[in-house]
Amino acid sequence: MMLLVPANPLQPRRPADHFAPEAHAARAAGIDVAVIDHDALTRDDPHRAIAAVPASGSAVYHGWMLRSDQ
């Protein structure tokens, strides 16, 4: 299981400040964490949005709200 959180726009390899505590807690519990580019996702560029996400396993997204088609 992996936790996906939005990336910090100014530091794209780090979780957004709002989600950093959850990402830290997940890592401390042994859960893998990856960041996604939320802006790319909302611009309908899902491949760019998940470019830093490993391609294996299942994941749960905890982040800013999205439309159902996103």
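These figures come from a predicted structure and were not determined experimentally. Values below: all heavy atoms of this structure, side chains included; hydrogens, waters and symmetry mates excluded.
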K.L.:
Can you measure from NE2 (H38) to CG (L4) and round to the nearest 0.5 angstrom?
P.N.:
12.5 Å

K.L.:
If you round to the nearest 0.5 Å, how far is CG of L41 from OH of Y61?
P.N.:
6.5 Å

K.L.:
For R43, I'd like to know if atom CZ has over 12 heavy atoms of other residues, nucleotides or ligands within 6.0 Å.
P.N.:
yes

K.L.:
Restricting to non-hydrogen atoms, name the atom on M1 and the atom on V60 that form the minimum distance, rounded to 0.1 Å.
P.N.:
SD-CG2, 3.4 Å

K.L.:
Shortest non-hydrogen contact from P15 to A23?
P.N.:
CG-CB, 3.7 Å

K.L.:
Within the structure provided, determine whether W64 and T42 are in side-chain contact (heavy-atom separation under 4.5 Å).
P.N.:
no

K.L.:
Give me the atom names and distance for the closest heavy-atom approach of V53 to M2.
P.N.:
CG1-SD, 4.0 Å

K.L.:
Distance check, rounded to the nearest 0.5 Å: I50 atom CD1 versus D45 atom CG?
P.N.:
10.0 Å

